[in-house]
**Student:** 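Pasting in a structure now, in structure tokens, and then I'll have a few things to ask.
Chain naming here is simple, since letters A, B, ... match the order of the sequence lines and numbering starts at 1 in each.
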Amino acid sequence: MTLAGAANKRKKPAIAAAAPRSQDRPGLLLAWYDLHRRRLPWRALPGKAVDPYFVWLSEIMLQQTTVKAVGPYFEKFLARWPDVDAMARASLDDVLRMWAGLGYYSRARNLHACAVAVRRDHGGTFPDTEEGLHALPGIGPYTAAAIAAIAFGRRTMPVDGNIERVVSRLFAVEEALPKAKPRIRELAATLLGPSRSGDVKTRAGRDGKSRAGDGKSRAGDSAQALMDLGATICTPKKPACALCPLSDDCAARLRGDPETFPRKAKKKAGALRRGAAFVVTRGDHLLVRTRPEKGLLGGMTEVPTSVWLAAQDDAAALKQAPSLGSASRWRRKAGTVTHVFTHFPLELTVYTATIPAGARAPKGMRWVPIATLKDEALPNLMRKVIAHGLEQ
DNA sequence: CAGCCGTGGAC
DNA sequence: TGTCCAAGGCT
């Protein structure tokens with residue numbers, strides 16, 4: 001996107017020069033958004049219809065995930081399932097396979113459950129209230145407010161990490177996260193533009209789509225303006241305050257240390273865990289199993305592994321190898337595969353074995369053709385492990 | 001409520 | 001190289 005044109009904020013009536021610049025932040029924000037909004041696959045063109053399905057799908061994918069990473073997945077999902085009903089009729093396994101690589105896999109499970117609920121309980125149309133949305137799987141306070149505002153014009157302000165940062169700077173909120181959340185929510189709501197008549201009462205059209213500028217509030221634009229501002233200008237490090245439409249009014253900038261907001265405690269890193277992974281081939285097939293539905297990488301495909309524990313040595317891990325019969329011999333691959341989860345780093349030693357054609361898979365495991373591995377619900381950790389194990 | 005839950009990119 | 005973090009939700 002272009003950041004040029006931010007010089008527009010300089011044009012103010014000379015008569016107002018001495019006045020505090022705190023008036024009409026919502027207006028400044030929307031004016032900036034009209035000029036500098038990002039063009040994203042899930043956003044309608046200005047003034048065009050917004051499909052709630054697009055908004056929902058993108059919001060779920062964007063939870064703790066970058067715009068760049070989401071882009072291809074959004075397009076893939078849309079091409080395969082053009083509406084909620086289509087996704088509701090898909091199998092959970094298909095959804096997990098399509099989601100593989102994007103992370104936080106409970107989102108995929110909830111995505112499917114939500115589609116099913118919308119189809120079964122809401123006639124295939126998303127609820128158009130914050131409360132109704134919040135009741136659906138995978139839709140928490142933020143996402144409910146975001147969909148309500150963006151897709152249905154409800155006058156509510158979703159507060160995500162971007163908006164927390166922008167608001168905590170604008171008002172120099174000294175209280176640290178997460179205690180400051182309620183206060184930040186209050187302050188964020190002051191950035192909503194005025195409500196318009198017909199605002200909250202208006203129902204979505206029978207096609208389930210709402211239209212910007214049809215008499216509803218611009219709450220969705222206000223929210224997206226703050227998100228775009230946070231993503232492109234009010235960034236975590238080295239914010240580009242000179243380009244910010246709210247800079248004249250920003251308490252943190254006036255203090256001279258905007259990048260120190262929001263206040264928050266450093267999180268401690270988790271302890272390293274170690275384990276072994278077993279890459280077993282039978283001709284052109286690979287031995288895999290499915291992880292339990294709940295927990296880490298829930299419901300995803302993996303090669304058999306030992307448990308992952310701090311201070312586990314190779315000998316202990318190797319004892320947990322699947323039993324393949326006396327004919328097989330384990331070969332330890334040089335090096336290790338490392339992976340960093342949100343709350344702990346992992347180091348896996350990879351062992352390989354080849355077993356004769358016709359050999360059976362141990363209980364709870366199965367053979368899959370190596371050629372079709374790309375279609376499996378394989379998390380990236382397992383793709384790394386398999387690549388390492390099959391190397392040479 | 002704090003811990004759990006992926007991944008890749010920026011600095 | 002290590003650290004932080006990105007449109008959070010669930011328990």
**Student:** For dC4(C) and dG3(B), measure between their P atoms and round to the nearest Å.
**Tutor:**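 Rounded to whole Å, the distance is 16 Å.
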**Student:** With the sugar-phosphate defined as primed atoms, P, OP1 and OP2, and the base as all remaining atoms, what B/S/- string results for nucleotides 5-11 of chain B, 5' to 3', for protein heavy atoms under 4.0 Å?
**Tutor:** BBBS---
**Student:** Looking across every strand, which nucleic acid part, if any, lies under 4.0 Å from Thr143(A) by heavy atom: base, sugar-phosphate, or nothing?
**Tutor:**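 Thr143(A): backbone/sugar contact only, no base atoms under 4.0 Å.
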**Student:** From CG of Asp160(A) over to C1' of dC5(C), roughly how many Å is that when rounded to an integer?
**Tutor:**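 Whole-Å distance recorded here is 13 Å.
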**Student:** Base, sugar-phosphate alone, or nothing: which one does Leu57(A) contact when heavy atoms must sit under 4.0 Å apart?
**Tutor:**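 Result for Leu57(A) = nothing.
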**Student:** Just to verify, what does Glu75(A) make a salt bridge (Lys or Arg N to Asp or Glu O under 4.0 Å) with, not counting sequence neighbours?
**Tutor:**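 Counting only residues at least two positions away or on another chain, Glu75(A) forms no salt bridge (Lys or Arg N to Asp or Glu O under 4.0 Å).
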**Student:** Take the protein atom CD of Glu164(A) and the nucleotide atom C1' of dG8(C), then report the distance between them rounded to whole Å.
**Tutor:**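 Value for this atom pair: 10 Å.
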**Student:** Using the C1' atoms only, state how far dC1(B) lies from dG8(C), rounded to an integer number of Å.
**Tutor:**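 That atom pair is separated by 15 Å.
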**Student:** With P as the reference atom in both, quote the distance from dG9(C) to dG8(B) in angstrom, rounded to an integer.
**Tutor:**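 One P to the other, the span is 23 Å.
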**Student:** When clusters are formed from ILVMFWY side-chain contacts under 4.5 Å, directly or step by step, what else is grouped with Val340(A)?
**Tutor:**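 Answer for Val340(A): none, a lone residue.
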**Student:** Any residue in residues 109-118 of chain A with a heavy atom nearer than 4.0 angstrom to DNA chain B? Just list them by number, or reply none.
**Tutor:**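 Close to the strand, none.
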**Student:** Output every pair passing ring-ring contact (aromatic ring centres under 6.0 Å, His included) with a member in residues 349-371 of chain A, not counting sequence neighbours, ordered by first then second residue.
**Tutor:**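 Checked against ring-ring contact (aromatic ring centres under 6.0 Å, His included) - neighbours excluded - the pairs reaching residues 349-371 of chain A are Phe278(A)-Tyr351(A).
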**Student:** Separation of Lys264(A) atom NZ from dC4(C) atom P, in whole Å?
**Tutor:**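 Atom-to-atom, Lys264(A) to dC4(C), this comes out as 10 Å.
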**Student:** Main chain of Thr352(A), side chain of Lys333(A): is a donor-acceptor contact present, judged purely on distance under 3.5 Å?
**Tutor:**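 Side chain of Lys333(A) to backbone of Thr352(A), a donor-acceptor pair under 3.5 Å: no, none is there.
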**Student:** Between atom CG in Leu136(A) and atom C1' in dG8(C), what is the gap in whole Å?
**Tutor:**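 Rounding to the nearest Å, CG of Leu136(A) and C1' of dG8(C) are 16 Å apart.
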**Student:** So, using salt bridge (Lys or Arg N to Asp or Glu O under 4.0 Å) as the criterion, who are the partners of Arg107(A) when residues are at least two apart?
**Tutor:**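 Per chain and number, Arg107(A) pairs via salt bridge (Lys or Arg N to Asp or Glu O under 4.0 Å) with no residue.
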**Student:** NZ of Lys76(A): more than 12 outside heavy atoms within 6.0 angstrom?
**Tutor:**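 Yes - once you tally the heavy atoms of other residues, nucleotides and ligands closer than 6.0 Å, there are more than 12.
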**Student:** What's the CD-C1' distance between Glu293(A) and dC10(C), to the nearest Å?
**Tutor:**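 Whole-Å distance recorded here is 15 Å.
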**Student:** Could I get the full list of salt bridge (Lys or Arg N to Asp or Glu O under 4.0 Å) partners for Arg331(A), not counting sequence neighbours?
**Tutor:**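 Partners of Arg331(A) under the salt bridge (Lys or Arg N to Asp or Glu O under 4.0 Å) test: none.
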**Student:** Taking side-chain contact (heavy atoms from CB on, under 4.5 Å) as the definition, give me every residue that meets it alongside Asp375(A), ordered by chain and number, with sequence neighbours left out.
**Tutor:**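 If we apply the side-chain contact (heavy atoms from CB on, under 4.5 Å) test to Asp375(A), skipping adjacent residues, the hits are Thr372(A).
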**Student:** May I have the distance from Ile163(A) (atom CD1) to dA6(C) (atom P), rounded to whole angstrom?
**Tutor:**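 From Ile163(A) CD1 to dA6(C) P: 12 Å.
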**Student:** Salt bridge (Lys or Arg N to Asp or Glu O under 4.0 Å) with Glu174(A): which residues, sequence neighbours excluded?
**Tutor:**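 Glu174(A) satisfies salt bridge (Lys or Arg N to Asp or Glu O under 4.0 Å) with Arg255(A), Arg263(A) once adjacent residues are dropped.
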